[in-house]
Amino acid sequence: MEKDYKDTLNLPKTEFPMKANLVQKELEILDFWKTHNTYQKMQEKDKSNAYILHDGPPYANGHIHIGHALNKILKDIIIKYKSMKGFYSPYIPGWDCHGLPIEHEVDKKLGSKKGEVSILAKRTLCKEYALKFLDIQREEFKRLGVFGDWQEPYLTMSFQYEASIVREFGKFVEKGYVYKGKKPVHWCPSCVTALAEAEVEYADKESPSIYVKFKVKNTSKFKNTPLTSPLDKGGLRGVSEIYFVIWTTTPWTLPANMALSLHPRFMYRLVKTPDGELILAQDLIKNCMEKIGYKEGDYIITESVWTGSELEGIVCRHPWIDRNVETIVGEHVTLEQGTGVVHTAPGHGEEDYEMGLKYGIDIYAPVDDKGCFTEDVKDFAGQNVFKANQEIIEKLKNINALLGSAEKITHSYPHCWRCKKPVIFRATEQWFISMEKNNLRQNALDEIKKTRWIPAWGLDRIKGMVENRPDWCISRQRAWGVPITLFQCKKCKQIITDKAVIDNVVKEVEKAGADVWFEKSVKELLPEGYKCSKCNSSEFSKETDILDVWFDSGVSHAAVLEADKRLSWPADLYLEGSDQHRGWFQSSLLASAGTRGKAPYRAVLTHGFVVDGQGKKMSKSIGNVISPQEVTNKHGSEILRLWCASADYREDMRISKEILDRLVEAYRKIRNTCRFLLGNTYGFEVKSFETSASSVEPLKVKGDLLEIDRLALSMLQHLIEKVNRAYENFEFHEVFHSIYNFCVTNMSAFYLDVLKDRLYTFKAGSKERQAAQWVLYNILLALTKMMAPVLSFTAEEIWSFIPKNKEESIFLTSFPEVQPEFIDKELEKKWENLSSIRDEVNKALEIKRQQKFIGNSLEAKVILYVDEENYKILEGYRTFLPTLFIVSAAEVVKDPNHPEDSYKSPLISGMAVLIDKAQGNKCSRCWNWGITVGKYKDFPGLCARCHEVLTS
RNA sequence: GGGCCUAUAGCUCAGUUGGUUAGAGCGCACCCCUGAUAAGGGUGAGGUGAUUGGUUCGACUCCAAUUAGGCCCA
């Protein structure tokens with residue numbers, strides 16, 4: 001039996017497990033970070049060199065979903081990278097605590113008791129609810145390996161934060177932005193309350209469908225127009241009655257009709273009918289005439305045609321009210337239904353309202369909070385609007401304003417989520433922040449231009465929104481939020497804008513939270529003896545509405561960036577999903593631009609949404625939801641982190657079982673590469689190493705390196721460069737792909753494979769082997785550090801296996817920088833050729849392997865038949881070729897006439913590869929074949945090289 | 001319906017200012033190894049560049065429309 005020489009080899013040796021067992025191991029590492037205060041230690045830096053990423057607060061409701069995980073992990077990657085780059089880069093997570101969803105949950109729990117509970121008691125329940133989920137989410141975020149000051153987050157419901165909200169609101173009041181106006185909201189007449197969009201459910205409802213004509217007051221405009229078609233000899237000149245025709249399903253909104261909307265580019269035509277000359281969109285004529293009940297021949301379509309724009313500003317008369325109604329134009333008009341002429345009641349519709357604002361029309365809504373007409377509406381005062389529908393139709397019929405007869409249609413209509421009854425849209429008094437005051441809109445637009453948007457199209461998106469948005473409606477008729485802290489004089493209705501009054505409230509809120517507004521009386525909240533500056537009255541009322549929660553989070557720049565000593569203003573980066581262009585990015589911008597004239601951020605980065613493997617959005621009903629908890633429990637958070645870095649977040653990110661499986665494999669490959677590096681740096685003297693790696697004796701080490709070692713180092717520098725650039729540009733998928741490719745291609749399949757012979761069979765302390773280890777050590781350090789921001793758990797684990805005498809955590813080390821002295825362009829160029837020759841040899845070997853001529857490549861001898869040019873390339877490497885090809889022998893023959901059985905390279909002209917069996921016998925130690933095997937009596941199974949190693 | 005965005009192999013990504021037969025890794029198939037071993041190596045097969053039109057000597061790259069999808073509005 002042949003002696004086993006395995007013990008004489010330097011095989012890899014490491015305790016670092018191949019199997020990650022992430023689900024368990026991550027918990028240990030989290031514990032390590034906790035007990036060693038790793039995050040805190042990372043903050044012990046020069047604060048003047050800071051990189052501030054300001055956290056956008058998630059809503060403290062429910063468990064985190066995959067989108068939350070993506071967002072927090074991306075932030076974490078940046079924070080860790082910047083920190084390792086030497087920046088003071090703290091992360092203060094925050095939570096958005098006020099708002100409707102929490103209030104709803106509390107209402108739900110209260111059930112029938114809802115009405116009996118005081119506002120303060122309810123607010124307490126809301127607070128408890130928010131705290132509960134804050135804790136849950138905090139644990140879930142920490143479990144993902146996200147670093148941050150989790151012990152001291154910011155909460156929009158903390159006293160300090162609430163005081164900031166009141167203070168910032170006060171600034172808006174002082175500067176004159178805040179005004180009271182009317183805006184239509186969903187209103188439930190049965191519950192007598194305003195409803196938020198989320199409280200509205202859509203259900204089918206039967207409504208009347210009617211066509212109504214509006215008489216043109218002055219037809220002179222038309223008299224100058226050639227109205228008559230050749231077929232219509234009578235012409236229009238004798239006609240004095242011209243009407244616009246509208247269609248509506250809410251006759252009750254007609255008393256509030258203030259305008260008729262046309263589309264600026266649609267074509268409108270005049271139609272002669274027994275009921276007069278009607279104007280409507282030409283594409284809808286046929287349909288309307290049918291619906292109204294005319295038969296063909298009953299009406300004549302004239303040649304007269306205009307665009308909506310041409311018809312703008314025509315004065316009409318309301319069917320029965322003494323009111324002029326003008327035609328206006330808007331893009332919201334469609335040709336899907338109706339007449340192309342839209343009845344517009346700014347007090348009863350969202351688009352109508354927008355049009356009203358645009359044209360300066362009164363936002364008129366003569367309907368009270370129980371859904372009944374007010375005294376304003378003479379004929380129908382006191383009537384419920386839905387019940388009044390029929391009477392209004394009768395009225396229209398009587399005054400001959402109704403075309404055809406009323407029909408019934410069933411359509412989707414908003415209903416109250418609580419009482420399930422149909423709701424109405426009704427203008428109510430609301431508080432607004434003016435976009436025009438102090439040039440807020442323009443100022444915000446200027447700041448948008450100064451901000452770096454990543455990706456760049458973010459600028460266009462938010463710009464368009466800010467350009468077109470209406471004034472900011474900041475009031476909500478709710479309980480769970482920060483009150484609009486305004487007083488009104490009961491006598492003269494003056495709103496108090498005194499700074500002293502506001503400051504006083506801020507102080508109160510600082511002490512006791514926003515609850516104080518509801519707890520204390522007006523007198524207690526006002527400075528003592530305060531009197532109205534206008535009428536000297538001392539009787540005031542306090543506002544009961546609360547602020548829009550977007551105002552809450554919008555002022556985080558003041559409440560957190562400015563106020564928190566750990567941070568500074570403005571932030572270097574805001575990073576959220578692309579939905580926040582309308583949300584937080586905008587509210588923050590307006591809140592900051594309105595009070596400080598500047599954006600609160602230097603750069604804004606957005607990521608896409610998480611979708612399923614088909615690119616469809618995740619939804620419970622489809623059942624394609626993947627939760628972060630699921631991934632963590634099955635594969636480990638590390639895989640989720642890797643997923644965040646693997647895909648391009650600027651687009652929507654897909655996640656599926658297959659994608660995760662691929663990532664698990666990629667993870668294993670990276671892990672195993674590091675494990676091999678660890679195993680082969682075993683026994684290496686780190687200290688002497690580091691000395692010689694420093695400037696003390698660099699040349700000596702460099703001189704010991706083989707060419708392939710220097711090549712590997714050069715390749716490493718390129719990787720370092722690429723990875724640095726990718727992190728700087730926030731292109732983490734580039735980080736992942738380059739590191740991964742480096743592990744697979746440059747290391748595993750090339751350098752490490754070639755190196756095995758030297759590492760295993762050379763003497764442990766030989767300078768060749770030491771040189772290789774030195775390179776491996778450097779690669780390992782660089783790789784581990786570079787992956788740390790993404791694969792934080794694994795990097796920390798690897799770090800703990802790297803011979804010590806250094807930082808306690810990988811996150812306390814500094815990020816690898818390119819060392820230009822190790823870049824060797826010339827060498828790379830030479831090796832490009834060698835590398836492609838190696839590829840061709842592999843092809844030749846494969847053919848022989850498939851033919852069962854050889855198995856292991858060491859059984860082969862390679863003979864290269866080359867031309868002059870290739871000979872020059874190979875000449876200097878003759879002795880190294882067997883190592884490079886991982887075969888037992890290699891010859892280079894300068895002869896363009898290749899033998900028959902050889903593989904003629906299609907890629908490299910002038911080269912053929914002949915594979916022969918290696919001569920001699922297989923060395924039992926190094927497995928290379930050679931004629932020296934058997935020569936030595938003391939070790940008959942060894943080749944000369946191994947004999948030398950064992951006997952010297 | 002509107003604004004913004006996306007569409008390259010089964011998967012994740014590259015593709016320089018429009019210029020030869022569109023690249024990588026994974027996965028897959030086949031083979032080798034059994035001294036990185038629930039590892040490692042090799043070879044190979046996979047693409048009508050969403051579709052349709054246009055600009056151009058020439059388009060994955062520029063433009064338009066369509067389709068599918070995403071976010072935000074309506």
Side-chain angles (χ1 to χ4, degrees), chain A residues 4-14 16 18-19 331-336 349-351 354 455 457-465 467-469 577-583 586 606-617 642-643 645-648 650-666 668-669 671-680 731 733-734 736-738 740-745 747-750 752-754 756-757 759-761 838-839 841-852 854-859 886 925-927:
Chain A
D4 186 6
Y5 290 98
K6 198 167 169 176
D7 294 343
T8 72
L9 295 169
N10 313 300
L11 294 177
K13 189 169 172 185
T14 177
F16 183 76
M18 173 177 280
K19 196 169 178 301
E331 302 274 342
H332 66 288
V333 177
T334 70
L335 292 174
E336 274 165 34
E350 182 72 35
E351 285 164 333
E354 304 275 343
W457 52 257
L459 186 145
D460 292 326
R461 190 164 187 199
I462 193 166
K463 191 175 131 227
M465 288 173 172
E467 272 169 352
N468 295 315
R469 67 161 295 155
S578 57
D579 56 333
Q580 298 303 329
H581 285 113
R582 171 152 291 269
Q586 202 180 138
T606 50
H607 54 80
F609 274 64
V610 183
V611 293
D612 73 6
Q614 270 74 42
K616 296 265 169 69
K617 80 159 91 181
L642 192 59
W643 170 77
S646 72
D648 188 346
R650 291 167 296 196
E651 301 165 25
D652 288 332
M653 292 174 74
R654 296 180 177 209
I655 192 164
S656 66
K657 191 185 170 298
E658 182 185 3
I659 291 168
L660 287 170
D661 286 347
R662 285 298 93 80
L663 286 168
V664 167
E665 281 158 22
R668 281 206 200 105
K669 185 73 189 187
R671 183 180 178 91
N672 263 322
T673 305
C674 292
R675 181 168 182 269
F676 184 85
L677 295 173
L678 273 171
N680 284 293
E731 290 167 343
H733 62 289
E734 288 278 359
F736 164 73
H737 281 282
S738 25
Y740 184 44
N741 257 321
F742 180 82
C743 285
V744 173
T745 314
M747 290 297 110
S748 203
F750 177 67
L752 301 183
D753 206 25
V754 169
K756 283 174 193 166
D757 183 72
L759 289 166
Y760 298 172
T761 69
R838 184 174 188 258
D839 291 342
V841 169
N842 270 332
K843 279 172 201 164
L845 285 168
E846 183 59 25
I847 293 166
K848 291 292 174 187
R849 190 151 40 225
Q850 298 274 356
Q851 292 169 358
K852 307 289 176 199
I854 54 161
N856 189 325
S857 60
L858 283 175
E859 291 164 27
I886 316 185
R925 183 167 176 275
C926 72
W927 293 349

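Keep in mind that this is a model prediction, so the values were computed, not measured. Just so it is clear: chains get the letters A, B, ... in the order the sequence lines come, proteins before strands, and each one is counted from 1.
In this structure, the side chain to side chain donor-acceptor pair (under 3.5 Å) partners of A:Asp612, at least two apart in sequence or on a different chain, are A:Asn624. By the side chain to side chain donor-acceptor pair (under 3.5 Å) test, A:Lys19 pairs with no residue at all, sequence neighbours left out. The salt bridge (Lys or Arg N to Asp or Glu O under 4.0 Å) search around A:Arg849 returns A:Glu846, not counting sequence neighbours.
Comparing B:A36, B:A14, B:A7 by their closest approach to the side chain of A:Glu651 singles out B:A7. Of all nucleotides listed (B:G40, B:G35, B:U43), B:G40 comes nearest to the side chain of A:Lys756. Comparing B:G42, B:G35, B:A36 by their nearest atom to the side chain of A:Asn672 picks out B:A36.
A gap of 37 Å separates the P atoms of B:C30 and B:U16, to the nearest Å. For the P atom pair drawn from B:G70 and B:C32, the interatomic distance equals 48 Å after rounding to whole Å. B:U20 and B:U61 have their C1' atoms separated by 16 Å, given to the nearest Å. The same atom, C1', is picked in B:A50 and in B:A7; the two are 6 Å apart, to the nearest Å. Look at the C1' atom in both B:A24 and B:A9: the space between them is 12 Å, to the nearest Å. The gap from the P atom of B:C60 to that of B:U52 amounts to 12 Å, rounded to the nearest Å.
The backbone N or O of A:Ile659 lies less than 3.5 Å from no partner atom in the side chain of A:Arg654, so there is not a single donor-acceptor pair. Of the possible donor and acceptor atoms, none in the side chain of A:Arg582 sits under 3.5 Å from a partner among the backbone N and O of A:Met465. A distance-only check finds a donor-acceptor pair linking the side chain of A:Arg925 to the backbone of A:Thr8 [under 3.5 Å]. No donor-acceptor distance shorter than 3.5 angstrom exists from the side chain of A:Trp927 to the backbone of A:Glu859, with no hydrogens or angles considered.
For A:Ser748 and B:A36, a side-chain-to-base donor-acceptor distance below 3.5 Å is present, hydrogens and geometry of angles not being considered.
As judged by a 4.0 angstrom heavy-atom cut-off over every strand, A:Arg469 is placed among residues making no nucleic acid contact. Within the nucleic acid shown, A:Leu845 has no heavy atom closer than 4.0 Å to any nucleic acid atom. Backbone-only contact: A:Ser646 has heavy atoms under 4.0 Å from sugar-phosphate atoms and none from a base. Note on A:Lys6: a base of the nucleic acid sits closer than 4.0 angstrom, heavy atoms only.
Between A:His733 and A:His737, the ring planes are perpendicular. Angles over 60° get that label, and only those under 30° would be called parallel.
Salt-bridge annotation for A:Lys6 and A:Asp4: absent, with no side-chain N of the basic residue lying under 4.0 Å from a carboxylate O of the acidic one. The pair A:Glu658-A:Arg662 counts as a salt bridge, with a side-chain nitrogen and a carboxylate oxygen less than 4.0 angstrom apart. Taking a cutoff of 4.0 Å between a charged side-chain nitrogen and a carboxylate oxygen, A:Lys657 and A:Asp661 qualify as a salt bridge.
Stem analysis of RNA chain B (at least three stacked-register Watson-Crick or G-U pairs, each with both distances under 3.5 Å) gives B:1-7 with B:67-73, B:10-13 with B:23-26, B:28-32 with B:40-44, B:50-54 with B:62-66.
The 5' end of RNA chain B is approached more closely, in terms of each residue's nearest nucleotide, by A:Ile854 than by the other of A:Ile854 and A:Asn842. Heavy-atom nearest nucleotides on RNA chain B were determined for A:Asp648 and for A:Gly458, and the one closer to the 5' end corresponds to A:Gly458.
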Return the polar atom pairs (N/O with N/O) between nucleotides 25-28 of chain B and the protein under 3.5 Å, or none.
{"from": "B:G25", "atom 1": "O4'", "to": "A:Asn741", "atom 2": "OD1", "distance (Å)": "2.9"}
{"from": "B:G27", "atom 1": "O4'", "to": "A:Arg662", "atom 2": "NE", "distance (Å)": "3.4"}

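Side-chain contact between A:Leu663 and A:Phe736: present, with at least one pair of heavy atoms (C-beta onward) separated by less than 4.5 Å.
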**OP:** Take nucleotides 68-74 of chain B nucleotide by nucleotide from the 5' end and write B, S or -, depending on whether a protein heavy atom sits under 4.0 Å from the base, only from the sugar-phosphate, or from neither.
**Re:** -SSBSSS
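Annotated as syn: B:G46, whose O4'-C1'-N torsion sits within 90° of 0.
One interatomic measurement links the two molecules: NZ of A:Lys463 to P of B:C5, which rounds to 11 Å at whole-angstrom precision.
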